[in-house]
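None of the values given here were measured: they were computed from a predicted structure.
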Amino acid sequence: MREVYFIKQNKEKWLGIEQVINGKLKKNPDDLSSLYINLINDLSFAQTYYPKSNTTVYLNHLSSRIYQKIYKTKRTEKNRLLHFFFTEVPLLVYEYRRFMTYAFIFFFIFTMVGVLSAIYDKEFVNIILGDEYVNRTIRNIKAGNPVGVYQEGSTWGSTITITFNNIGVGAKMYLFGIIGGIGSLYILLSNSIMLGSFQYFFYEYGALKDSAKGIWLHGVYEIFSMVIEAMCGLILGTSILFPKTFSRFESFKIGFKNSFKIYLSTIPFTVCAGIIEGYVTRHALKMPGILNFLIISFCLFSIVFYYIILPRLIHFQYGGNADELLENAKKNNRNPERF
């Protein structure tokens, strides 16, 4: 179909949608949803046959506006902060889900590098963790207290120090992604190798089970957040390297805004990890095994639910198109050319 005919055929419908969006016509939620679905069909057609035309730009803009109107109607009573964390961030996570896959693949590879290095080089753990830390931990293991290092200092002091340190590391991992993602991968590499060698160190001394009872109480949130922060760094880096149809600067702005929102979602988990490490981990070997298991399981389920399950649920709640519209709403901030 020629573009001119396509425009003539649908022009009145689009103008009517504009009137609805501008408040000149009133529609109930069901009618709005019907208009939205109809408009998405037009947008899909235009993206297929006229991908670089003003028609596609216009329909993109119109689609995002009607989506916002529909969603605003649905969430008038919802808290803006809840909307950000439980709708906007999950939609972005779903949109960039392949970057999470990449981050986890790199994490597992780097961790195995740490394990294998510790196996084949007996001095590797000392090089990575430092002689003083290794010797102190060996003394704790021999004393039957593998998590003794977490019992040092006051609870609140440890919590504050650990939390700010982890937030700082996460911020670096994210922001260093501006170097084409390489900076994020380098920090992920360092931390993953440390984790792998650290875990093998306890295995070698027969204390892996007891150490895991303490380390993974806070480690689930801490490590998973680290991977998400690396994901954000990769999004930031690729937005510069691969701008697609946008200018490099426009692509960077989009990548930064979206990745920064995802990065912000890791901070509550990082803070929770710091609180657990400061207040709970020190009691790991004294608490009942079932309680230890329940805490670790809850942490794992909650963060997996938030970053893997919830994004899919929210995505399909909006007909499978919400993530695309969210991206378009960010990209099209100018008024398209009228017909």
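- Across all non-hydrogen atoms, the minimal contact from Gly214 to Thr281 is O-CG2, 3.3 Å.
- Taking the side chain as every heavy atom from C-beta outward, Arg248 and Lys253 never approach each other to under 4.5 Å.
- Through side-chain heavy atoms spaced under 4.5 Å, either directly or across other Ile, Leu, Val, Met, Phe, Trp or Tyr residues, Ile162 is tied to no other residue.
- With a 6.0 Å radius and a threshold of 12 heavy atoms from other residues, nucleotides or ligands, Tyr186 has its OH atom at or below the threshold.
- In terms of heavy-atom proximity, Ala284 sits nearest to Leu217 at CB-CD1, 3.8 Å.
- The aromatic rings of Phe104 and Phe107 stand perpendicular to each other, their planes meeting at an angle above 60°, with 30° marking the opposite boundary.
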Exercise. Given side-chain contact (heavy atoms from CB on, under 4.5 Å), test Val280 with Met287 step by step and report yes or no.
Key: CA-CA 9 Å; Val280 181; Met287 68 173 62; 3.6 Å; yes

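- Here the straight-line distance linking atom NZ of Lys286 with atom CG of Leu291 works out to 14.5 Å at 0.5 Å rounding.
- Between the CG atom in Asn258 and the OG atom in Ser239 there is a gap of 9.5 Å [rounded to 0.5 Å].
- Note that CD1 of Ile193 and CD1 of Ile127 are 11.5 Å apart. Values are rounded to the nearest 0.5 Å.
- Looking at Asn10, its side chain does come within 3.5 Å of a backbone N or O of Phe6 through a donor-acceptor pair.
- Scanning for side chain to side chain contact (heavy atoms under 4.5 Å, CB included) contacts around Val304 gives Phe224, Leu300, Ile308, with sequence neighbours left out.
- Atoms CG and CG, from Leu91 and Leu310 in turn, are 9.0 Å apart once rounded to the nearest 0.5 Å.
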Practice problem: List the steps and the verdict of side-chain contact (heavy atoms from CB on, under 4.5 Å) for Asn166 and Glu222. | Solution: CA-CA 8 Å; Asn166 290 344; Glu222 186 178 320; 3.5 Å; yes

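- In Tyr279, the OH atom is crowded: over 12 heavy atoms of neighbouring residues, nucleotides or ligands sit closer than 6.0 Å.
- Side-chain contact between Leu39 and Leu43: absent, with no pair of heavy atoms (C-beta onward) separated by less than 4.5 Å.
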Quiz item: Stepwise, does the side-chain contact (heavy atoms from CB on, under 4.5 Å) test hold for Ile40 with Ser63?
Solution: CA-CA 7 Å; Ile40 288 301; Ser63 297; 4.2 Å; yes

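- Judged as a salt bridge (Lys or Arg N to Asp or Glu O under 4.0 Å), and not counting sequence neighbours, Lys8 has no contacts.
- Across every non-hydrogen atom of Leu236 and Leu175, the tightest pair is CD2-O, 4.1 Å.
- Counting only distance, with no hydrogens or angles, the side chain of Ser184 and the backbone of Gly177 share a donor-acceptor pair below 3.5 Å.
- Remark: Cys299 engages Val220, Tyr221, Ile276, Ile295 in a side chain to side chain contact (heavy atoms under 4.5 Å, CB included) (not counting sequence neighbours).
- In this structure, Tyr102 has its ring center no closer than 6.0 Å to that of Phe106.
- Gln151 and Asn145 share a donor-acceptor pair across their side chains, judged by distance under 3.5 Å alone.
- Grouping the Ile, Leu, Val, Met, Phe, Trp and Tyr side chains by contacts below 4.5 angstrom, directly or via other members, places Phe124 with Ile109.
- The list of side-chain hydrogen bond (donor to acceptor under 3.5 Å, both in side chains) pairs with a residue in residues 197-208, not counting sequence neighbours, reads Lys122-Glu204, Gln199-Trp216.
- Partners of Gln19 according to the side-chain hydrogen bond (donor to acceptor under 3.5 Å, both in side chains) rule, which considers only residues two or more places apart in sequence or in another chain, do not exist here.
- In this structure a side-chain-to-backbone donor-acceptor pair under 3.5 Å is present from Ser158 to Ser154.
- With contacts defined as side-chain heavy-atom distances shorter than 4.5 Å, the pair Val93/Arg97 does not qualify.
- Every residue meeting the side chain to side chain contact (heavy atoms under 4.5 Å, CB included) condition with Asn191, not counting sequence neighbours, appears here in chain and number order: Val169, Met173, Ile187, Met226.
- Taken together through direct or relayed side-chain contacts under 4.5 Å among Ile, Leu, Val, Met, Phe, Trp and Tyr, Ile182 and Ile178 form parts of separate hydrophobic clusters.
- Here the closest heavy-atom approach between residue Pro268 and residue Phe85 is recorded as CG-CE2, 4.2 Å.
- Within the 4.5 Å cutoff, no side-chain heavy atoms of Ser259 are placed close to those of Leu234.
- Sequence neighbours left out, the pairs with a member in residues 141-185 that pass ring pair (Phe, Tyr, Trp, His ring centres under 6.0 Å) are Tyr150-His218, Tyr174-Tyr263.
- Ring geometry for Phe202 versus Phe198: interplanar angle over 60°, hence perpendicular rather than tilted (30 to 60°).
- Every residue meeting the side chain to side chain contact (heavy atoms under 4.5 Å, CB included) condition with Arg136, not counting sequence neighbours, appears here in chain and number order: Glu132, Tyr133, Arg139, Asn140, Val149, Glu152.
- Minimum heavy-atom separation, Leu188 to Ala103: CD2-O, 3.9 Å.
- Residues satisfying the side-chain hydrogen bond (donor to acceptor under 3.5 Å, both in side chains) criterion with Ser265, sequence neighbours excluded, are Tyr307.
- A chain of hydrophobic side-chain contacts below 4.5 Å, direct or via other Ile, Leu, Val, Met, Phe, Trp or Tyr residues, connects Leu82 to Ile314.
- Within the 3.5 Å criterion, the main-chain N or O of Ile160 finds no donor-acceptor partner in the side chain of Thr163.
- Residues Tyr306 and Leu81 share a single hydrophobic cluster, defined by chaining ILVMFWY side chains whose heavy atoms lie under 4.5 Å apart.
- What you find for Ile228 and Met100 is that their closest heavy atoms are CD1-CE, 3.9 Å.
- Cluster membership for Phe301 and Leu294, using ILVMFWY side-chain heavy atoms within less than 4.5 angstrom, is not shared.
- Few gaps surround CZ on Phe84; more than 12 heavy atoms of other groups in view lie less than 6.0 Å from it.
- Judged as a salt bridge (Lys or Arg N to Asp or Glu O under 4.0 Å), and not counting sequence neighbours, the contacts of Lys13 are Asp42.
- Atom CD1 of Ile267 is separated from atom OG of Ser225 by 10.0 Å, given to the nearest 0.5 angstrom.
- Applying the under-4.5 Å side-chain rule to Ile, Leu, Val, Met, Phe, Trp and Tyr, the cluster around Phe242 extends to Leu241.
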Practice problem: Give the intermediate values and the outcome of side-chain contact (heavy atoms from CB on, under 4.5 Å) for residues Met231 and Val227. | Solution: CA-CA 6 Å; Met231 164 195 174; Val227 176; 5.8 Å; no

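- Here the straight-line distance linking atom NZ of Lys213 with atom CG of Leu208 works out to 11.5 Å at 0.5 Å rounding.
- Ile105 places none of its side-chain heavy atoms less than 4.5 Å from the side chain of Phe110.
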